[in-house]
Amino acid sequence: MDNALSTIATLDAITIIRSLFLLPAATILALRSLPPLATRFLPYGSRAAFPAPTPKAKSPPSFFAAALDWAATLTVPHAWFGSFYAISLLGTLFWTLHFDLNTRLLHWLAEHAGDVGRGMEKSQLLVVWAMMGLQGARRLWECITLGKESKAKMWVGHWVMGVGFYVLVNVAVGVEGVGTVVDHPFTWQDLTFTAPSLHTFVATLMFILASGMQHDCHAYLASLKKYTVPQHPVFASLVCPHYFAECVIYLAMAVQAAPKGYMINRTMVCAVVFVAVNLGVTADGTKRWYEGKFGPESVRGKWRMIPFVF
C-alpha cells in the first residue's frame, strides 16, 4: 500500500490527466461487454444500445439484479445535456483568467507538469484555447436554440462523466503549454497576427469544417417533426456524422496543440480516445435502434460513426 501511494504521489499532472481520460474509456468498454450492466446503464433517451431485459414472471430478481435495477433508476433529465457546454465555457473562461493573471494555481500546475508542460508555444495555446471556447459556446447556443422539450432521461453516471470530461479537457487543452506561459506571461504583443504554421493551418481547417458539419447535422435533426431516418446528404453513409465531427474537432485541437518535435498532442489524443469510445458505443446503439424501429434496410451499408472504419 505504501509503495502504491508513493507511486501515485510521484505521478506528474499530465500522466494523471491522461489516465483520467483513458480509464473511463476502458470502463465504458467494460460496461459494453457485460449485458447486465450495458442494458441498464448505457442506453438513454429514446435510443438504446441493447433491447431491454425481459423480466421473468415467476422468479424474483436476485439481490444483485435488484441493486442494479435500483441504480439504473438514478437519472437526470436529458435536457441537462446543455449543462456540459455551460461548464465547458465556464472552464475556458476560468483558465483564461488564470493564464492572463499568471496565478499561483498556474504556477502549481506548471510545477507538476514538468518539462512536458513547456512543449507548446504561446501562439499555439492562443489558437487551441480559442477552439475550445468556440466549441463550448457553439454547442451551448445550439442546446438553447435547437433543443426541444423532452421527457427523455439519462443515467446520472452519464451526466457525472460528462461534467468530469468537460472540466478535465479544459485543463488538458493547455497543460502542455502551461510552463511556457509561467516562464513568459502573455502580453498584448502576443495577439499580433502572424502567418500560421502548417500545423495551425491544417488544424484550423479541420476545426472549421468539422464544426460546420456538426452544426448542419444538429440543425437538420432539430428540424425533423418526428424522429425518422435522416435523409440529409451528410447522413447518406454515416448513421451519426455529428459524432464523427465531434471526434475531428478534438483531433484538430490535438494537432494544433502538438509540442515542438511532435505531430500531435498526446494528452489531447487521450481526450480524443475517450470521445471516440463514448460516442462510438452510442453510435452502435443508434444503429441498432434504427434497425429495430425502421428495419435493417434503413441503415444497411452505413458506417456507424467513422467512414471506412466503424
Side-chain angles (χ1 to χ4, degrees), residues 8 11 13-50 52 64-95 105 109 132-133 135-137 139-140 142-144 147 150-173 175 240 242-243 246-247 249-250 253 267-286 305:
I8 293 173
L11 288 176
I14 291 177
T15 300
I16 293 173
I17 290 170
R18 292 173 182 175
S19 299
L20 290 175
F21 286 125
L22 298 178
L23 288 176
T27 300
I28 292 171
L29 292 176
L31 287 174
R32 173 66 175 78
S33 67
L34 299 171
L37 301 179
T39 55
R40 291 172 172 86
F41 302 119
L42 290 183
Y44 65 90
S46 59
R47 291 162 292 174
F50 300 91
F64 179 68
L68 291 179
D69 289 340
W70 174 82
T73 64
L74 302 176
T75 60
V76 298
H78 192 263
W80 284 23
F81 207 85
S83 66
F84 295 154
Y85 306 110
I87 290 168
S88 177
L89 193 55
L90 287 173
T92 302
L93 295 174
F94 174 84
W95 286 106
L105 178 59
L109 187 59
M132 191 72 236
Q135 170 68 359
R139 290 295 290 119
L140 179 61
E142 288 175 350
C143 286
I144 294 171
S150 171
K151 295 181 180 179
K153 303 283 187 179
M154 62 177 166
W155 183 50
V156 67
H158 284 287
W159 184 75
V160 171
M161 189 174 290
V163 169
F165 170 78
Y166 284 103
V167 169
L168 189 63
V169 77
N170 270 282
V171 181
V173 76
V175 72
C240 297
H242 45 314
Y243 293 170
E246 183 91 355
C247 294
I249 286 169
Y250 285 103
M253 295 183 197
T267 305
M268 284 303 294
V269 165
C270 294
V272 175
V273 169
F274 173 82
V275 171
V277 168
N278 186 39
L279 295 182
V281 169
T282 304
D284 181 58
T286 301
M305 187 176 77

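What you see below is based on every heavy atom in this structure, not just the backbone, and it leaves out hydrogens, waters and symmetry mates. These numbers were taken from a predicted model, which means no experiment stands behind them.
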OH-CG distance between Y250 and L279, expressed to the nearest 0.5 angstrom: 9.5 Å

Between CG on residue N278 and CZ on residue F165, distance to nearest 0.5 Å: 8.5 Å

Heavy-atom closest contact (A25 atom, V277 atom, distance): O-CG1, 3.5 Å

Rounded distance [0.5 Å steps], CG in L93 versus OG in S88: 9.5 Å

Taking every non-hydrogen atom, the tightest pair across V169 and M268: CG2-CE, 4.0 Å

M305 versus C247, closest heavy-atom pair with distance: CE-SG, 4.0 Å

Full working for side chain to side chain contact (heavy atoms under 4.5 Å, CB included) between L109 and V171: CA-CA 10 Å; L109 187 59; V171 181; 4.1 Å; yes

Contact summary for S19 and P24, nearest pair of heavy atoms: O-CD, 3.9 Å

Note, I249 side chain near V275 side chain (heavy atom, < 4.5 Å): no

Side-chain heavy-atom pair F81, H158 within 4.5 angstrom cut-off: no

Residue pair G82 / C143: nearest heavy atoms and the distance that separates them: CA-SG, 3.8 Å

Minimum heavy-atom distance between W95 and N170, given as atom pair plus value: CD1-O, 3.9 Å

Stepwise side chain to side chain contact (heavy atoms under 4.5 Å, CB included) check, M161 with F274: CA-CA 11 Å; M161 189 174 290; F274 173 82; 3.7 Å; yes

Any side-chain heavy-atom pair of L168 and F21 under 4.5 Å: yes

Point-to-point distance, once rounded to the nearest 0.5 Å, from OG1 of T282 to OH of Y243: 5.0 Å

Min side-chain heavy-atom separation S83-W159 under 4.5 Å: yes

Approximate separation, where rounding is to 0.5 Å, of I16 CD1 and T267 OG1: 12.0 Å

OG1 on T75 to CH2 on W80, rounded to 0.5 Å: 9.5 Å

Donor-acceptor pair, side chain of T27 and main chain of L23, under 3.5 angstrom: yes

